[in-house]
Novice: 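Got a structure for you, questions after.
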Amino acid sequence: MPPVILDGKALAERIRGELAGEVAEFRDRTGIIPGLSVVLVGEDPASRVYVRNKENAVKAAGMNGDVVRLPAETTQEELLATVDRLNADPAVHGILVQLPLPRHLDSRSVIERVDPLKDVDGFHTMNVGLLAQGHPRFVPCTPLGIVELLKDSDVDTRGAHVVVLGRSQVVGKPVALLLLQKGVGADATVTVCHTGTKDPARFAREADILIVAMGQPELVKADWIKPHAVVIDVGIHRKADGKLCGDVDFAEAAQVAAKITPVPGGVGPMTVAMLLRNTLHAAELAAERRG
Ligand code: GUN
């Protein structure tokens, strides 16, 4: 039987439509228009595309979106001053500093400078700590999108063995933390593999749900996958022939998996939808503080 394709594009569109309604209701109730500021340093072509997508999505949801574009030579002090200005601006509810930053900049200190109540990326130590303790406030967008996609596809995570390939701060670690929480859409048993893992394929083959975020094109083949497993592919790469692919060899995996995300059109669009949700959440927190 061919696998069920987990259509992140369609789900993201539905969520974005629902969020536009919630934004309108929030605006009518509070007079506040949620605002997201994205900071983009330099000219990385992939980052420019991602940032344009985010800006368009924010505006389509009825929120204010602006992009602060800084030259590649921006100094650490200048970038921190930009973050300070956005922290102090009451019309800005969410701040996202697009990563990766140019090499001469220290992303850790920039992330820590973002007001944790405006940290819609969920990368600040305070938000990572809250998630680790089981009291999430802002959760990184890609992990949130993965969990939402699993829920919508009726994948039962309770008691499932989830194997995560990759331990990044952006995907691997937070998705592991999210899925091992107590409660609906979580309660999984989680194994995290990384570059130090001996024979990751051995662990992958034990997975009921395999989440792949290793950043290596088409590394995961059919023999990494347990028959009828659910496969979530977070990778996106451009091949020599110009086509896009993920970290999973889709044609092979589709022979074995019960459910699988495509690339493109799987996890990627969900990330943008979750950014909108986090931005509305940030505006709600600001409204509560205002009283
Ligand atoms: N670069 C790639 N993914 C992300 C993300 O989720 N947030 C930020 N800030 N930068 C990224």
Side-chain angles (χ1 to χ4, degrees), residues 1-12 15 131-132 134 136 139-194 197 199-216 218-236 245-271 273-274:
M1 267 239 299
V4 173
I5 306 295
L6 303 181
D7 188 346
K9 186 163 180 275
L11 176 59
I15 291 173
L131 173 61
V139 176
C141 302
T142 302
L144 265 187
I146 292 169
V147 168
E148 202 65 34
L149 199 50
L150 292 172
K151 269 192 212 159
D152 184 72
S153 323
D154 294 323
V155 175
D156 193 4
T157 53
R158 184 152 208 271
H161 185 199
V162 174
V163 175
V164 181
L165 304 182
R167 60 176 155 188
S168 70
Q169 307 289 346
V170 178
V171 184
K173 274 188 203 158
V175 82
L177 288 171
L178 203 50
L179 285 166
L180 66 75
Q181 288 193 97
K182 248 187 191 317
V184 178
D187 272 332
T189 302
V190 182
T191 301
V192 182
C193 299
H194 45 77
T197 302
D199 193 5
R202 176 169 74 86
F203 294 95
R205 274 193 294 276
E206 299 286 318
D208 303 311
I209 302 170
L210 180 63
I211 300 175
V212 189
M214 306 173 87
Q216 297 197 40
E218 298 185 327
L219 181 78
V220 171
K221 305 288 182 189
D223 63 352
W224 289 53
I225 299 166
K226 180 159 105 174
H228 309 296
V230 176
V231 177
I232 305 290
D233 189 353
V234 183
I236 185 153
C245 72
D247 288 359
V248 176
D249 185 325
F250 184 88
E252 282 210 11
Q255 307 288 325
V256 187
K259 298 183 178 181
I260 184 167
T261 56
V263 175
V267 173
M270 291 301 296
T271 298
M274 294 302 111

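These numbers come from the heavy atoms of this one structure, side chains and all, not from hydrogens, waters or symmetry mates.
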Novice: Kindly give the heavy-atom pair with the smallest separation between A12 and P269, and that separation in Å.
Specialist: CB-O, 3.4 Å

Novice: Any chance you could measure T197, atom OG1, to R202, atom CZ, to the nearest 0.5 Å?
Specialist: 9.5 Å

Novice: Using side-chain contact (heavy atoms from CB on, under 4.5 Å), reason through I15 and D152 one step at a time and then give a plain yes or no.
Specialist: CA-CA 11 Å; I15 291 173; D152 184 72; over 6 Å; no

Novice: Please report the interatomic distance CG(L149) to CE(M274), rounded to the nearest 0.5 Å.
Specialist: 9.5 Å

Novice: Does the side chain of C141 reach to within under 4.5 Å of the side chain of T271, using non-hydrogen atoms?
Specialist: yes

Novice: What do the steps show when you test L131 against Q181 for side-chain contact (heavy atoms from CB on, under 4.5 Å), and what is the final call?
Specialist: CA-CA 9 Å; L131 173 61; Q181 288 193 97; 4.1 Å; yes

Novice: I146 versus L178: any side-chain heavy-atom pair under 4.5 Å?
Specialist: no

Novice: Is any side-chain heavy atom of D208 closer than 4.5 Å to a side-chain heavy atom of K226?
Specialist: yes

Novice: Restricting to non-hydrogen atoms, name the atom on D156 and the atom on I209 that form the minimum distance, rounded to 0.1 Å.
Specialist: O-CD1, 4.4 Å

Novice: Minimum heavy-atom separation for I5 and F250, please, with both atom names.
Specialist: CD1-CZ, 3.6 Å

Novice: Check for a donor-acceptor pair, side chain of D247 on one end and backbone N or O of Q216 on the other, with a separation under 3.5 Å.
Specialist: yes

Novice: Kindly indicate whether the side chain of V139, heavy atoms from C-beta on, has any atom under 4.5 Å from the side chain of V147.
Specialist: no

Novice: Might you point out which heavy atoms bring A222 and E252 nearest each other, and give the distance in Å?
Specialist: N-OE1, 2.8 Å

Novice: More than 12 non-hydrogen atoms from neighbouring residues, nucleotides or ligands closer than 6.0 Å to NE2 on H194, yes or no?
Specialist: yes

Novice: Testing the basics here: between K259 and S153, what is the closest heavy-atom pair and its distance to 0.1 Å?
Specialist: NZ-O, 2.7 Å

Novice: Any non-hydrogen side-chain atom of W224 less than 4.5 Å from a side-chain atom of L165?
Specialist: yes

Novice: If you take all heavy atoms of A213 and V171, which pair is closest and at what distance?
Specialist: CB-CG1, 3.8 Å

Novice: I'd like to know whether D223 forms a salt bridge (charged side-chain N to carboxylate O under 4.0 Å, His left out) with R205, so could you lay out the CA-CA distance, the side-chain angles of the two residues, the decisive distance to 0.1 Å, and finally the verdict.
Specialist: CA-CA 7 Å; D223 63 352; R205 274 193 294 276; 5.0 Å; no

Novice: Counting N and O atoms only, with roles assigned by atom type, does the side chain of T261 sit under 3.5 Å from a partner on the main chain of D233, one being a donor and the other an acceptor?
Specialist: yes

Novice: One pair to check against side-chain contact (heavy atoms from CB on, under 4.5 Å): V175 and T142. What are the steps and the verdict?
Specialist: CA-CA 8 Å; V175 82; T142 302; over 6 Å; no

Novice: Any chance NZ of K221 has more than 12 other-residue heavy atoms, nucleotides or ligands included, within less than 6.0 Å?
Specialist: yes

Novice: Does the side-chain contact (heavy atoms from CB on, under 4.5 Å) test come out yes or no for L6 and V230, once each step is laid out?
Specialist: CA-CA 10 Å; L6 303 181; V230 176; 4.2 Å; yes

Novice: How many angstroms lie between CG in L179 and CZ in R158, if you round to the nearest 0.5 Å?
Specialist: 14.0 Å

